[in-house]
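Everything on this sheet refers to the single structure shown next.
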Amino acid sequence: MNINDIPKQYDPKDAQDRWYQIWLERGYFHADPAGEKPPYCIVIPPPNVTGALHLGHALNNTLQDVLIRWRRMQGYDCLWMPGTDHAGIATQAVVERRLLEEQKLTRHDVGREALVEKIWAWKDEYEKRILGQLRLMGCSCDWERTRFTLDEVCSRAVRRTFFNLFRAGKIFRGKRLVNWDVQLRTAVADDEIYYEDKPGKLWTIKYPVAGSETGEALHVATTRPETMLGDTAVAVHPEDPRYKHLIGRELELPLTGRRIPIVGDAILVDPKFGTGCVKVTPAHDPNDYQTGQRHGLPMINLLNPDGTYNENAGPKYAGLDRVVVRKRVVADLEAAGLLVKDEPYNVRLNYSDRSKTPIEPYLSDQWFVRMADDPDGAPGFAQKAIDAVASGEVRITPERYAKSYADWLGEKRDWCISRQLWWGHRIPIWYCSTCTAEDLELAFGGRSDVAWTEAESGGWLVCAERDLQADALPGHALTQDADVLDTWFSSALWPHSTLGWPEATPELAKFYPTSVLSTARDIITLWVARMVIFGQFNMRQVPFRDVYIHPVIQDGQGKRMSKSAGNGVDPVDIIEIYGADALRYTLAAGATETQDLRMPVEKLKLPDGREINTSDRFEQGRNFGNKIWNVARLVMMNLEGYEPAPVDVAALPVEDRWILAELDATVAATTADLDAFRFAEAAKRLREFSWGEFCDWYVEFVKGRLRDPESRPVAQRTAAAVLDALCRLLHPFMPFLTEQIWAPLGELAPVRGVPLPSPAEPHACVAAWPAPKGLEDAEARATVDQWKEKIQAIRNLRAERNVPKDAKIAPRIVAEGAVADRLRLGEEFIKSLTGAGSVAVGPDQARPADSAVAVLADAEVVLPLEGLIDKEAERAKLAKSLADLDKQINPLRGKLSNEGFTSRAPAEVVASSRAKLAELEAQRASVASLLETT
RNA sequence: GGGCGAUUAACUCAGCGGUUAGAGUGCCUGCCUUACACGUAGGAGGUCGGGGGUUCGAAUCCCUCAUCGCCCA
């Protein structure tokens with residue numbers, strides 16, 4: 001092969017365009033449930049169709065593809081299930097915002113149907129973009145099985161699950177205090193709100209005690225005075241001497257004409273804080289809600305869904321916005337002489353993450369999934385999910401995340417699954433207020449897909465697997481619940497819904513439970529826990545065996561990357577600049593166990609004028625890829641006339657035995673790393689082997705043999721075998737590069753391998769993952785280590801003494817025994833790799849007066865340099881060397897003279913310390929005598 | 001307020017009880033040596049956040065303080 005046929009620099013674009021298409025055409029990514037091979041399955045954490053993928057997705061999907069490609073090469077039937085998530089509120093909010101910005105319209109202006117249509121269009125655009133990004137990265141998903149959480153297959157699973165939960169009594173409707181987003185007019189989950197401290201005010205209001213002749217009154221402090229209209233009690237501490245006597249009496253609630261009780265409550269009230277009296281508004285504050293439950297207080301809801309106050313607030317305030325109500329109430333209280341004071345106060349406000357507006361606690365009808373244990377004590381959903389991890393049925397890596405999983409589930413809080421949105425799975429419940437049990441029995445009695453129950457507030461709730469028509473119940477109106485389900489409801493089904501459940505598909509039989517779920521830690525509770533719960537409920541089996549939690553990518557300042565912060569990086573831009581292999585390798589090398597991954601971000605102006613974010617960290621991957629590319633070039637340039645043949649490893653030159661032994665160790669360790677999700681270790685190990693051993697040393701050793709017709713055939717076989725193995729080992733990390741090398745290698749050496757050559761597979765993508773061949777060789781390793789150490793010593797002497805680069809030096813190595821024997825085997829290499837004219841090894845080498853000398857532990861390296869030696873400088877170097885040795889010798893002597901150490905430390909530690917000391921002392925003696933004669 | 005984690009070379013990170021604490025990038029000094037300047041050869045650079053403790057021995061285990069990040073209230 002002519003060197004000019006292969007470019008000097010790896011061209012990622014060429015490889016990416018060529019190979020992805022071929023992998024697809026060959027169907028390498030397509031799983032076959034009917035096949036004989038053992039299953040390995042990963043379901044992709046479906047990216048939100050809200051927007052394009054960022055670097056965090058790139059990391060997660062790189063790691064999943066590493067696992068999938070590795071297992072595929074190991075002979076598993078691999079299914080990587082791709083897809084996207086409709087991301088209910090997030091996507092609807094994005095589209096609504098755009099609607100408002102571009103057309104000044106709200107969703108109520110356009111209506112449900114039209115809005116949903118617009119969101120579908122958005123979804124189509126971003127789904128396409130997201131899946132395209134994954135392909136560019138080289139992800140080997142089974143695209144023929146691509147799913148979307150709102151598609152027909154997933155929707156059917158949602159319906160069936162809801163229905164089954166309803167029938168099992170695991171789902172219920174109830175009034176609860178929720179976080180209400182008045183702008184979006186929906187409940188939002190706890191994890192969809194954030195807190196901010198804002199300067200506000202603390203008002204103190206006077207509540208007169210009813211029927212008090214002495215004009216007694218209680219002072220209550222509040223940051224939200226308008227909610228007093230909904231007070232149903234005032235609480236004091238039951239042991240507070242100031243108020244104890246008033247418990248049980250009533251107060252005149254100002255502005256309302258209502259009377260409310262004074263209750264004693266030790267949980268809500270801290271007698272040392274403020275006045276020691278707390279107003280209780282159960283419908284508008286979570287703590288008050290709990291208090292109301294404890295004392296059986298009525299709940300007065302003051303709010304309309306849009307944030308205005310309703311008729312419960314009284315005619316004076318009804319219809320006004322909560323902000324206006326606050327001003328009126330304060331003014332009215334002041335006018336009535338009931339406002340004691342107001343003072344500045346820092347208020348912690350809740351904001352909706354979606355609309356960025358303040359949250360109102362709001363009492364409303366919601367649907368819940370019951371998490372608690374059954375009344376008879378049988379473990380409920382939360383407990384079963386806790387047990388699955390505690391028992392090891394599901395393993396979480398790194399282990400420490402199992403704690404946050406268990407802690408969160410341990411609260412066993414019911415899961416609110418209804419959202420007042422239009423984008424999502426409509427709740428399959430129909431209300432009927434006029435019918436009777438007999439009517440329902442008559443209409444649906446024979447059907448197994450319809451169930452019903454009496455509503456708390458009267459009337460009936462009908463749950464159906466398929467949509468009921470309005471006239472399904474003759475003579476009575478049926479209206480469907482207007483709400484949709486929380487996005488996590490459908491995401492929680494992902495591992496089995498995507499495989500076809502509730503149908504008993506061959507995919508489900510073969511690939512469930514799946515093998516690994518890879519995700520970020522922030523959704524361990526929201527998503528991972530819920531997948532376990534629904535997997536157990538629907539499938540009677542956990543959804544996956546392993547959960548791998550990857551690090552979170554941050555910018556150079558430790559901030560999370562985000563579009564709004566302007567520090568987000570688009571993986572496609574990185575692929576543009578550095579290539580997909582570089583992106584993947586760099587990310588995998590950063591996926592360490594404990595750390596978050598920092599990527600210093602910098603701005604870059606592209607030739608086309610676009611300004612993007614990038615990070616020079618990716619040079620690491622690009623440079624490594626280029627190195628591999630070039631060593632492959634070198635090997636292939638030297639494969640002319642290659643003939644495969646069995647190789648007798650024992651008869652190979654020592655450098656061949658050494659590299660094969662190193663390869664064997666690398667294969668074993670890399671496999672173990674991947675098995676334990678140690679991606680960074682695997683990536684670094686492969687770099688160390690291929691660059692640090694193969695390129696830096698082996699290739700240099702073997703160059704001479706490749707040029708010599710006599711020794712060439714054997715050298716070709718070893719070199720081809722190592723390059724072949726390297727492609728296999730690196731393929732999961734750098735699929736395009738390795739495929740690009742695999743092709744020409746296959747032309748030059750279609751049959752290869754040591755000790756027994758065999759025909760190579762058509763593509764690296766489907767090549768077998770290598771296994772260790774029992775080629776460890778301690779003697780070969782010791783020998784090559786000797787060569788390396790002495791070569792480095794000579795190079796160091798050359799550099800430090802400024803020996804001209806083309807001077808033919810003649811180093812002498814004073815050594816004896818096995819050391820000398822090993823060095824003699826490598827004389828030619830020592831010569832060629834140090835640019836020496838000759839090398840002499842032996843115990844009695846003369847040491848010319850004009851020499852630079854390095855004293856090593858087991859040898860002295862002498863470099864005669866007539867006329868180039870500065871005696872004073874030599875003496876200074878020797879003195880420095882002596883001082884360095886003393887710095888090691890002294891603490892070691894101290895340690896060994898410490899009786900505590902010699903008697904209590906393990907014998908082998910003491911022995912090795914003694915040996916080390918003896919060696920250092922001998923070395924010191926040599927340096928000392930050298931100093932005398934210089 | 002509770003929990004988890006981090007703090008090691010200029011930067012990004014390994015090391016998690018026993019040699020003089022490592023890697024990549026960056027920096028300095030030679031080299032365009034017929035695989036590679038996205039390279040090669042050599043080198044400088046760290047009292048392992050502070051303070052206590054356990055141990056013959058601590059970057060590594062425990063306590064405490066500080067700073068930062070995340071999760072949950």
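Letters A, B, ... are given to chains in the order of the sequence lines, protein chains preceding strands, and every chain is numbered from 1.
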task: Identify, between A:Lys8 and A:Ala589, the residue whose nearest nucleotide on RNA chain B lies closer to the 5' end.
output: A:Ala589
task: Flag the pair A:Lys788 and A:Glu693 as a salt bridge only when some basic side-chain nitrogen lies within less than 4.0 angstrom of an acidic carboxylate oxygen.
output: yes
message: Heavy atoms only, 4.0 Å cut-off, all strands: where does A:Asp884 land among base, sugar-phosphate and nothing?
response: nothing
message: When you compare the side chains of A:Asp11 and A:Gln740, does any donor N or O come within less than 3.5 Å of an acceptor on the partner?
response: no
message: Using a 4.0 Å heavy-atom cut-off, does A:Pro906 contact any base of the nucleic acid, only the sugar-phosphate backbone, or nothing at all?
response: base
query: Which is true for A:Asp696 with a 4.0 Å heavy-atom rule: it touches a base, it touches only sugar-phosphate, or it touches nothing?
result: sugar-phosphate
task: Inspect the contact between A:Glu602 and A:Arg617 and indicate whether a charged nitrogen and a carboxylate oxygen are less than 4.0 angstrom apart.
output: no
message: Students often get this wrong, so: under 4.0 angstrom with heavy atoms, is A:Arg795 touching a base, only sugar-phosphate, or nothing?
response: sugar-phosphate
message: On the side chain of A:Glu700, is there an atom forming a donor-acceptor pair with the base of B:rA35 - under 3.5 Å, no angle test?
response: yes
message: Taking any heavy-atom pair under 4.0 Å as a contact, classify A:Lys916: base, sugar-phosphate, or nothing.
response: base
query: So what does A:Arg798 hit on the nucleic acid, given a heavy-atom distance under 4.0 Å: a base, only sugar-phosphate, or nothing?
result: nothing
- request: Treating a pair as Watson-Crick (purine N1 to pyrimidine N3 plus N6-O4 or O6-N4) or G-U wobble (N1-O2 and O6-N3) with both distances under 3.5 Å, list the stems of 3 or more consecutive pairs that involve RNA chain B.
  value: B:1-7 with B:66-72, B:10-13 with B:22-25, B:27-31 with B:39-43, B:49-53 with B:61-65
task: Remember a base hit wins even if backbone is also touched, and classify A:Gln620 as base, sugar-phosphate or nothing at under 4.0 Å, heavy atoms.
output: sugar-phosphate
- prompt: Which part of the nucleic acid, if any, lies within reach of A:Glu899 when heavy atoms closer than 4.0 Å are counted: base, sugar-phosphate only, or nothing?
  reply: nothing
field: Residues A:Lys877, A:Glu874: salt bridge by 4.0 Å N-O rule
entry: no
query: Expressed in angstrom and rounded to an integer, what is the separation of A:Lys887 atom NZ from B:rU19 atom P?
result: 18 Å
- request: Pick base, sugar-phosphate or nothing for A:Arg622, based on heavy-atom distances below 4.0 Å to the nucleic acid.
  value: base
message: Base, sugar-phosphate or nothing for A:Glu688? Non-hydrogen atoms, less than 4.0 Å.
response: nothing
message: Salt bridge check, A:Arg893 against A:Asp886: does any charged N sit closer than 4.0 Å to a carboxylate O?
response: no
query: Would A:Phe679 and A:Tyr548 count as a close aromatic pair, with their ring centres under 6.0 Å?
result: yes
query: Side chains of A:Tyr698 and A:Asp656: do they bring a donor and an acceptor to under 3.5 Å?
result: yes
